[in-house]
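Letters A, B, ... mirror the listed sequences (proteins, then strands); counts begin at 1.
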Protein chains: 2
Amino acid sequence: MITIYDIAEKAGVSAMTVSRVINNTGRISEDTRKRVRKVMEELNYIPNSAARSLVSQKTNILSLLIADITNPFYTTLARGAEDAAKKAGYRLLFANSDENYAKEKDYVDMMLSTRVDGVLFAPTGDLSVDNLNRLLQHQIPLVILDREVPGIEADIVLGDSKEGAKTLVEHLVSLGHRRIAMINGSPDVSTARLRYTGYREALVLSGLPMDDELVVHLGFRVFHEDAALDALLTLKDPPTAIFAANNLLAVGIIQSLRERGLQVPEDISVACFDDIGPAEMINPFLTVAAQPAYQFGLLGMQLLIERIEAEAAQPPRKIMLPSDLIIRSSTRELQRKETNDGAEG
Amino acid sequence: MITIYDIAEKAGVSAMTVSRVINNTGRISEDTRKRVRKVMEELNYIPNSAARSLVSQKTNILSLLIADITNPFYTTLARGAEDAAKKAGYRLLFANSDENYAKEKDYVDMMLSTRVDGVLFAPTGDLSVDNLNRLLQHQIPLVILDREVPGIEADIVLGDSKEGAKTLVEHLVSLGHRRIAMINGSPDVSTARLRYTGYREALVLSGLPMDDELVVHLGFRVFHEDAALDALLTLKDPPTAIFAANNLLAVGIIQSLRERGLQVPEDISVACFDDIGPAEMINPFLTVAAQPAYQFGLLGMQLLIERIEAEAAQPPRKIMLPSDLIIRSSTRELQRKETNDGAEG
DNA sequence: CTGTTAGCGCATTCAG
DNA sequence: CTGAATGCGCTAACAG
């Protein structure tokens with residue numbers, strides 16, 4: 001491996017001079033600077049960042065932990081974070097927890113031993129509190145994304161889950177739906193709780209009754225809980241619309257409905273949070289509350305860098321991003337059924 | 001920052017003993033081992049990997065460079081790579097070149113200065129040769145993914161682009177299409193060239209003429225070249241089917257067709273390489289040659305790790321993965337047109 | 001079983 | 001404008 005000493009020797013200067021040329025510090029005569037530069041090129045010198053960070057106590061690496069790399073919401077967010085990091089001259093260490101607490105913990109250990117300068121963290125859920133505290137304990141600058149974690153005080157960028165859910169459910173109500181089911185993520189995730197609250201509020205404001213039978217709590221990953229869906233569909237008074245707490249859930253639900261011979265939206269409407277990626281552009285289908293994923297990453301990274309480079313301590317900041325109701329064809333006006341033996345009175 | 005010296009002092013041993021406990025090397029009495037472990041926990045010790053790699057000359061970091069983080073092909077590939085890396089105890093540094101040669105170069109510099117133990121590299125195209133040579137020059141173990149780069153000898157995992165394209169075009173021919181256009185990626189990408197070759201072979205084998213007017217070369221990113229599409233559609237004898245060289249191109253093309261009032265597949269059939277992600281599961285639509293993206297990442301990472309850990313030098317290995325023809329509804333049998341003033345005679 | 005010495009590659013400090 | 005000495009945190013090699 002080529003070191004600054006190799007350069008120094010060949011250029012007839014001291015290692016320190018080479019270091020100064022590399023970092024553009026101190027005053028170096030134009031002549032020696034040129035000479036050193038030339039030797040560096042000849043020898044194909046690459047600075048060793050381990051050695052560098054050992055003395056500088058900085059790595060110039062930031063880490064982004066996302067919860068699901070197969071979810072377009074997070075990959076788009078990742079692009080935003082990457083762009084902001086690159087612009088500020090930081091390297092980005094990606095990590096993917098796969099909505100899995102143990103994996104998340106492993107990655108936190110890695111960030112700690114890598115001594116990253118800061119972390120952009122999309123938590124798995126409330127359980128992430130230990131992992132986050134670990135980071136905080138070691139004074140790693142931290143910005144949280146997407147999901148709030150009770151007990152953690154840090155900068156955060158999140159979507160307005162409650163409002164988004166409310167808008168989506170109100171849309172379903174406006175289409176005439178009265179029996180609206182919600183298939184939610186795990187209750188230990190803040191967005192799941194808030195989306196549930198929004199759902200309830202919309203029902204209350206619309207004068208509709210809450211029926212616990214219509215609410216199912218699962219995870220945020222692709223839906224495989226066919227039993228839950230069966231339970232909903234075999235209710236005495238089954239739902240005519242389903243609100244899914246995120247995009248991947250909606251995809252799984254629609255598939256399962258199809259397998260049961262139910263068409264969306266003819267037989268049942270489906271709406272969800274978050275867009276589903278490029279494919280949506282082919283056959284615009286899913287009615288969604290779309291979140292500005294790229295902005296999540298971009299703004300989060302900006303907050304993080306500001307915090308790292310800030311002189312004085314600042315109180316935690318919170319950015320709340322609105323979501324956009326995009327009405328497509330997975331929801332439609334409820335058709336009055338002619339069967340239903342006149343119970344309607 | 002807590003160091004092994006802090007631990008050593010508090011536990012009443014030497015730093016070396018602490019190091020031995022951490023790495024499970026040498027023989028340590030069960031008693032002192034326990035004592036050291038306890039102090040480590042109390043002090044919340046985290047090893048400094050910069051210091052560690054400075055002496056060991058290993059970072060335990062592998063890097064994965066993908067060409068487009070918004071393309072489901074690459075994100076699925078990333079999961080495969082991540083799983084294999086984690087299993088072998090390596091950390092993974094993701095990077096995303098965005099199909100951009102300059103960004104790719106920046107990331108290569110970063111990998112070099114980070115002294116990563118190996119690189120999984122999905123090249124931008126033939127231009128990547130300089131970046132790859134840079135890595136090779138510094139003796140970084142390397143596995144290439146998806147796209148071959150002339151002049152580079154290294155392990156590689158790729159799809160069978162020629163066969164995949166051939167199968168796709170033969171499918172179109174079997175549906176009665178005779179005027180089949182190809183919208184291709186840039187000709188300086190090996191997969192684009194091979195898919196073109198497959199396209200030609202299928203036409204020749206089917207006894208159809210090659211018509212250069214039907215072939216357009218663009219980039220692999222989302223399609224914005226409406227002029228190219230217009231040129232195709234205004235030909236005297238326009239295509240009845242389009243073969244797109246990848247998924248994102250197909251999405252853009254279908255959108256553009258829609259804007260022009262053309263329906264897929266009613267007015268024109270479209271088929272492409274690579275699946276389009278979870279959304280496809282909702283409304284199975286695109287007929288594709290699907291590649292086993294997860295396997296690309298998994299096998300590539302396995303090759304890389306084998307090469308890193310191998311004692312002796314091995315000749316470059318090449319894994320070619322077949323693609324799967326999945327017929328969905330974006331292609332359909334050609335309907336005989338009743339117009340066309342009898343020129344067919 | 002445990003400790004001492006030395007050095008990985010670099011930048012900070014202090015002298016010139 | 002340039003150089004020498006020193007230490008960042010850790011482990012390999014050698015002593016004991």
Side-chain angles (χ1 to χ4, degrees), chain A residues 1-37 39-40 43-61 91 109-117 138-139, chain B residues 1-37 39-40 43-61 91 109-117 138-139:
Chain A
M1 175 186 295
I2 306 294
T3 73
I4 52 171
Y5 288 95
D6 301 319
I7 312 287
E9 190 175 351
K10 195 159 177 197
V13 296
S14 77
M16 202 46 231
T17 301
V18 177
S19 173
R20 289 196 180 100
V21 171
I22 293 169
N23 297 294
N24 270 313
T25 53
R27 339 201 129 277
I28 305 282
S29 77
E30 199 46 44
D31 186 48
T32 58
R33 183 190 304 279
K34 260 189 197 151
R35 199 149 29 96
V36 169
R37 284 255 163 76
V39 176
M40 278 174 30
L43 263 42
N44 242 305
Y45 170 74
I46 306 276
N48 182 325
S49 55
R52 202 185 274 220
S53 45
L54 196 56
V55 15
S56 72
Q57 304 285 19
K58 294 209 171 315
T59 55
N60 216 34
I61 296 179
R91 299 178 283 170
D109 283 344
M110 181 190 101
M111 293 167 195
L112 253 14
S113 72
T114 306
R115 302 289 193 270
V116 296
D117 293 345
H138 289 272
Q139 333 242 31
Chain B
M1 176 186 297
I2 307 293
T3 74
I4 53 172
Y5 288 93
D6 300 320
I7 312 285
E9 190 174 351
K10 193 158 179 198
V13 295
S14 77
M16 202 49 228
T17 300
V18 178
S19 173
R20 289 195 179 100
V21 171
I22 292 169
N23 297 294
N24 270 312
T25 54
R27 341 201 126 276
I28 305 282
S29 79
E30 199 46 45
D31 187 48
T32 57
R33 183 189 306 278
K34 261 188 197 150
R35 197 148 30 95
V36 170
R37 283 253 164 77
V39 177
M40 276 171 34
L43 264 41
N44 244 305
Y45 170 75
I46 306 276
N48 182 325
S49 56
R52 202 184 272 215
S53 44
L54 195 57
V55 17
S56 72
Q57 304 284 19
K58 293 208 170 316
T59 55
N60 217 32
I61 295 179
R91 298 179 282 171
D109 283 344
M110 180 190 102
M111 295 168 195
L112 253 14
S113 72
T114 306
R115 301 290 193 269
V116 296
D117 292 345
H138 289 273
Q139 333 243 28

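Here chain A contacts DNA chain D (any atom closer than 4.0 Å to a heavy atom, that is under 4.0 Å), and the contacts span D:dC1 to D:dG9 from 5' to 3'. In the 5' to 3' direction, nucleotides of DNA chain C lying under 4.0 Å from heavy atoms of chain B begin and end at C:dC1 to C:dG9.
Contacts of A:S53 with the nucleic acid, taken as non-hydrogen atoms under 4.0 Å apart, are absent. Counting any heavy atom pair closer than 4.0 Å across all strands shown, A:R27 reaches a base atom. B:I4 comes within 4.0 angstrom of a base, heavy atoms only. Residue contacts for B:T3: at a heavy-atom cut-off of 4.0 Å it reaches the sugar-phosphate backbone alone, with no base atom in range.
Residues passing the side-chain hydrogen bond (donor to acceptor under 3.5 Å, both in side chains) test with B:R37, sequence neighbours excluded: none. With sequence neighbours left out, A:D6 forms a salt bridge (charged side-chain N to carboxylate O under 4.0 Å, His left out) with no residue at all. By the side-chain hydrogen bond (donor to acceptor under 3.5 Å, both in side chains) test, B:S53 pairs with no residue at all, sequence neighbours left out. Residues passing the side-chain hydrogen bond (donor to acceptor under 3.5 Å, both in side chains) test with A:D31, sequence neighbours excluded: none. Taking the side-chain hydrogen bond (donor to acceptor under 3.5 Å, both in side chains) definition, one finds that A:S56 meets it with nothing, sequence neighbours left out.
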Donor-acceptor contacts, no H, no angles, side chain residues 43-50 of chain A, under 3.5 Å, sequence neighbours left out:
from  : atom 1 : to     : atom 2 : distance (Å)
A:N44 : ND2    : B:Q137 : OE1    : 2.9
A:N48 : OD1    : A:A50  : N      : 2.8
A:N48 : OD1    : A:A51  : N      : 3.2
A:S49 : OG     : B:S113 : O      : 2.6

For residues 11-21 of chain A, which side-chain N or O atoms pair as donor and acceptor with protein atoms under 3.5 Å away, sequence neighbours left out?
from  : atom 1 : to    : atom 2 : distance (Å)
A:S14 : OG     : A:M16 : N      : 3.3
A:S14 : OG     : A:T17 : N      : 3.3
A:S14 : OG     : A:T17 : OG1    : 3.3

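Contacts between residues 15-25 of chain B and DNA chain C, counted as heavy-atom distances below 4.0 Å, involve B:M16, B:T17, B:R20.
Atoms CD1 and CE, from B:I61 and A:M110 in turn, are 7.0 Å apart once rounded to the nearest 0.5 Å. To the nearest 0.5 Å, atom CG of residue B:L112 and atom CG of residue B:D109 are 6.5 Å apart.
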What do the steps show when you test A:N24 against A:R33 for side-chain contact (heavy atoms from CB on, under 4.5 Å), and what is the final call? CA-CA 10 Å; A:N24 270 313; A:R33 183 190 304 279; 3.4 Å; yes
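Residues B:I2 and B:K10 fail the side-chain proximity criterion, which asks for heavy atoms closer than 4.5 Å.
Taking both residues in full, the closest heavy atoms of B:R91 and B:T59 are given as NH2-O, 2.7 Å, listed atom of the first, atom of the second, then distance.
Of the two residues contacting DNA chain C, namely B:G26 and B:L54, the nearest-nucleotide position lying further toward the 5' end is that of B:G26.
Judged purely by atom type and a 3.5 angstrom limit, B:T114 has no side-chain atom pairing as donor or acceptor with the backbone of B:V116.
Axis angle, first five pairs versus last five pairs of the helix from C:dC1-D:dG16 to C:dG16-D:dC1: 40°, rounded to 10°.
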